[in-house]
Amino acid sequence: MLQIQTIRENTAEVIQKLKKKHFKQAEESIETVLNLDNLRRQTQKELDDMLTETNKISKEIGILFQQGKKELADELKVKTVQFKEKSKELNLKLDELEKDVIQKLYTIPNLPADIVPQGLRAEDNEVVAQFGTMPNLPEDALPHWELTKKYEIIDFELGTKITGAGFPVYKGQGARLQRALINFFLDKAAANGYLEIQPPLMVNEASAYGTGQLPDKDAQMYHVDLDNLYLIPTAEVPVTNIYRDVILNINDLPIKNVAYSSCFRREAGSYGKDVRGLNRLHQFDKIEIVQIQEPQNSYAALESMCAHVRSLLDALELPYRILRLCGGDMGFTSALTYDFEVYSAAQKRWLEVSSVSNFESYQANRMKLRYRDANGKMQLAHTLNGSALALPRIVAALLENNQTAEGICIPKELQAYTGFSIIQ
RNA sequence: GGAGAGGUGGCCGAGUUGGUCGAAGGCGCACGCCUGGAAAGUGUGUAAACGCCACAAGCGUUUCGUGGGUUCGAAUCCCACCUUCUCCGCCA
């Protein structure tokens with residue numbers, strides 16, 4: 001969430017930036033938080049003054065008791081009764097207001113960075129660069145959901161039987177390909193200085209709030225009622241929450257973590273051809289990279305994360321392009337996001353395979369992730385994360401783009417991991 | 001799952017007949033003295049959030065696992081929950 005202080009001090013600028021993000025009720029929301037915050041401070045002042053009084057009297061009573069002047073002490077006791085009632089009232093009011101301010105702040109998205117392009121929807125995203133050679137497939141090229149059936153490597157129907165739609169079963173070379181990609185991505189990240197983390201796949205409520213899945217996206221997560229735990233929609237949640245309520249030393253920064261995990265998403269409300277095959281799943285595998293940085297370094301870090309993702313796609317010999325998301329298409333919590341899209345030749349469309357974002361201090365503020373800077377002053381850290389990479393659409397693109405009459409060719413660098421060079 | 005014992009500041013560790021306790025002492029850390037330099041020694045300082053205020057100094061409030069309660073006053077008493085350790089049970 002945004003810092004209330006920032007909103008207080010740069011109100012006009014904040015509103016203008018929220019508008020770039022096409023946040024509908026910018027003025028009203030900001031006005032509401034500021035009013036609540038004013039009320040909150042006023043109430044705290046009143047309460048503090050009152051408590052100062054009662055604390056004083058309490059101390060006096062203590063001293064009187066020690067001196068054995070019981071009657072005088074009893075007199076003072078009477079005096080505190082009215083203070084007590086009043087301060088209890090004020091305390092309730094303050095708690096209420098504090099909650100209100102935070103609740104309201106939760107509903108206000110992060111501010112976009114200056115270089116974020118203007119725009120409302122996906123078509124307005126800016127194509128920053130394009131790499132790789134577009135494949136030239138014959139007319140009868142198959143989409144991946146046909147290929148997986150033909151080579152018996154992914155069984156969607158079987159998954160439906162065991163669990164439900166969107167939970168595929170990987171078999172034989174398909175399973176092996178999954179494992180190869182996971183190891184390949186992890187090794188690449190480790191080589192780039194990321195510490196490998198194996199996080200829990202379930203998180204508690206506090207963690208879901210920490211990274212912003214709650215309160216607004218709770219319908220996207222699977223929830224275990226009995227224990228009140230959530231299945232993670234991405235490793236970002238457990239990994240970033242490692243640093244919740246943490247005060248880091250400046251020497252600890254930057255922190256670079258990588259985690260492989262299965263991800264679970266309810267994807268409520270998505271149907272149709274866009275979700276066929278591997279395009280959208282309830283359970284899938286992803287390797288996530290997370291960085292925690294000093295503010296002045298966070299945008300350089302974002303670039304380095306993009307370079308890392310590029311190196312993966314280059315190694316897999318996939319054609320891809322990089323988009324800078326426009327204000328209206330960005331995520332709620334992001335300040336700047338680059339999407340990586342791989343071209344899927346048989347589906348004749350671009351598939352999003354990675355999203356790399358700088359959240360600046362938005363997540364850190366909610367999580368109270370801070371560090372002591374060179375002057376010993378407390379600062380909010382900046383958090384960043386990105387997929388490097390998510391498997392399903394990479395697999396889809398590999399299968400479709402590399403299909404030949406003989407079988408599906410595996411890119412050279414990946415062969416060391418799969419142990420085979422062609423799927424037949 | 002059952003029984004018992006704990007959870008105090010960056011760490012260790014006092015404090016539980018409620019009363020100037022944000023909390024002794026030690027370690028660590030920072031700065032200074034000492035030294036040719038260092039070690040040792042020695043002195044001072046060393047939590048966070050929020051509020052008033054100039055995001056200064058200063059002052060105030062809150063915080064001793066979390067949340068409630070009793071009380072004029074709670075680290076200290078009561079209740080619930082979380083969590084750690086030991087023993088028993090069960091088990092990949």
Side-chain angles (χ1 to χ4, degrees), chain A residues 1-11 13-14 33-105 198 200-210 224-230 238 241-253 255 295 361 364-381:
Chain A
M1 60 186 178
L2 295 177
Q3 290 171 269
I4 188 70
Q5 203 184 345
T6 310
I7 299 178
R8 224 188 278 155
E9 287 166 8
N10 311 299
T11 312
E13 194 188 339
V14 168
V33 225
L34 286 178
N35 284 339
L36 284 169
D37 182 53
N38 270 329
L39 208 55
R40 185 198 111 240
R41 282 149 66 205
Q42 197 184 310
T43 308
Q44 181 175 341
K45 184 87 180 71
E46 267 180 72
L47 177 62
D48 283 359
D49 289 347
M50 192 136 291
L51 289 175
T52 308
E53 275 306 305
T54 46
N55 284 345
K56 256 187 215 159
I57 295 174
S58 288
K59 275 180 186 165
E60 279 172 38
I61 292 174
I63 292 166
L64 288 173
F65 262 111
Q66 279 170 345
Q67 294 172 340
K69 297 175 181 167
K70 203 158 178 291
E71 295 78 18
L72 283 172
D74 284 338
E75 270 176 48
L76 279 178
K77 274 194 196 180
V78 177
K79 221 173 140 187
T80 58
V81 174
Q82 47 175 328
F83 281 123
K84 238 189 125 182
E85 276 173 31
K86 184 73 185 160
S87 56
K88 200 167 192 175
E89 215 173 276
L90 282 171
N91 214 332
L92 285 173
K93 190 175 166 193
L94 184 62
D95 284 350
E96 200 63 35
L97 284 166
E98 276 173 358
K99 270 183 210 152
D100 289 348
V101 170
I102 288 179
Q103 282 306 319
K104 194 68 200 172
L105 284 174
Q198 214 175 94
L201 303 183
M202 290 191 191
V203 295
N204 57 28
E205 222 170 38
S207 294
Y209 270 101
V224 180
D225 279 331
L226 198 56
D227 298 294
N228 194 25
L229 295 173
Y230 294 87
N241 272 287
I242 291 173
Y243 308 98
R244 171 158 51 84
D245 288 322
V246 165
I247 299 170
L248 294 165
N249 199 300
I250 190 157
N251 303 323
D252 300 330
L253 299 175
I255 285 173
S361 62
N365 188 35
R366 187 182 281 212
M367 286 198 300
K368 297 197 180 64
L369 162 51
R370 294 159 295 172
Y371 73 100
R372 258 178 240 283
D373 68 13
N375 303 318
K377 214 182 151 198
M378 250 348 154
Q379 302 270 0
L380 287 172

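All chains are named by letter (A, B, ...) in the order of the sequence lines, taking the proteins before the strands, and each is independently numbered beginning at 1.
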**OP:** Kindly give the heavy-atom pair with the smallest separation between A:Arg244 and A:Asn204, and that separation in Å.
**Re:** NH2-OD1, 4.0 Å
Original post:
Taking A:Asp373 for the side chain and A:Lys377 for the main chain, is one N or O donor matched with an acceptor at less than 3.5 Å?
Top reply: yes
Subject >> Main-chain N/O of A:Tyr209 paired with A:Arg366 side-chain donor or acceptor, under 3.5 Å >> reply: yes
Any [X] side-chain heavy atom under 4.5 Å of [Y] side chain:
| X | Y | value |
| --- | --- | --- |
| A:Asn241 | A:Val203 | no |
| A:Asn365 | A:Leu2 | no |
| A:Arg8 | A:Leu34 | yes |
| A:Thr54 | A:Leu51 | yes |
| A:Glu98 | A:Asp95 | yes |

Starting at atom [atom1] of [X], determine the distance to atom [atom2] of [N], rounded to an integer number of angstrom.
| X | N | atom1 | atom2 | value |
| --- | --- | --- | --- | --- |
| A:Ile250 | B:C29 | CD1 | P | 19 Å |
| A:Asp252 | B:G10 | CG | C1' | 12 Å |
| A:Ile247 | B:C11 | CD1 | P | 11 Å |
| A:Lys59 | B:G18 | NZ | C1' | 16 Å |

Rounding to an integer number of angstrom, what distance separates [N] and [M] when you compare their [atom1] atoms?
| N | M | atom1 | value |
| --- | --- | --- | --- |
| B:C64 | B:A23 | C1' | 8 Å |
| B:G26 | B:G45 | P | 13 Å |
| B:G7 | B:A14 | C1' | 16 Å |
| B:G65 | B:U61 | C1' | 22 Å |
| B:A48 | B:G10 | P | 9 Å |
| B:G13 | B:U62 | C1' | 25 Å |
| B:U71 | B:G18 | C1' | 9 Å |
| B:G68 | B:G2 | C1' | 27 Å |

Subject >> Phosphate-side-chain proximity, A:Arg372 and B:A48, N/O vs OP1/OP2 below 4.0 Å >> reply: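 Looking at the OP1 and OP2 atoms of B:A48, one of them is under 4.0 Å from a side-chain N or O of A:Arg372.
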Original post:
Quick one: what's the B/S/- string for nucleotides 49-71 of chain B, heavy-atom cutoff under 4.0 Å, read 5' to 3'?
Top reply: SBSS-------BSS---------
**OP:** Check every atom of B:A47, B:C72, B:U20 against the side chain of A:Ile61 and return the nucleotide holding the closest atom.
**Re:**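 Taking heavy atoms from C-beta onward, the closest nucleotide is B:C72.
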Original post:
Where does RNA chain B pair, written as one dot-bracket string 5' to 3', with Watson-Crick or G-U pairs under 3.5 Å, ( ) inside the strand, [ ] for crossing pairs and | for another strand?
Top reply: ((((((((.[[[..)...(.....]]]((((((.......))))))((((((.....)))))).[[[[[..)....]]]]])))))))....
Original post:
Base, sugar-phosphate, or nothing for A:Thr80, non-hydrogen atoms under 4.0 angstrom?
Top reply: sugar-phosphate
Original post:
Of A:Phe65 and A:Thr54, whose closest RNA chain B nucleotide lies nearer the 5' terminus?
Top reply: A:Phe65
Subject >> Steps toward salt bridge (Lys or Arg N to Asp or Glu O under 4.0 Å) verdict (A:Lys45, A:Asp49) >> reply: CA-CA 6 Å; A:Lys45 184 87 180 71; A:Asp49 289 347; 3.3 Å; yes
**OP:** Look at A:Asp37 together with A:Arg41 and state whether they make a salt bridge at an N to O cut-off of under 4.0 Å.
**Re:**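 A salt bridge is present here (some side-chain N lies under 4.0 Å from a carboxylate O).
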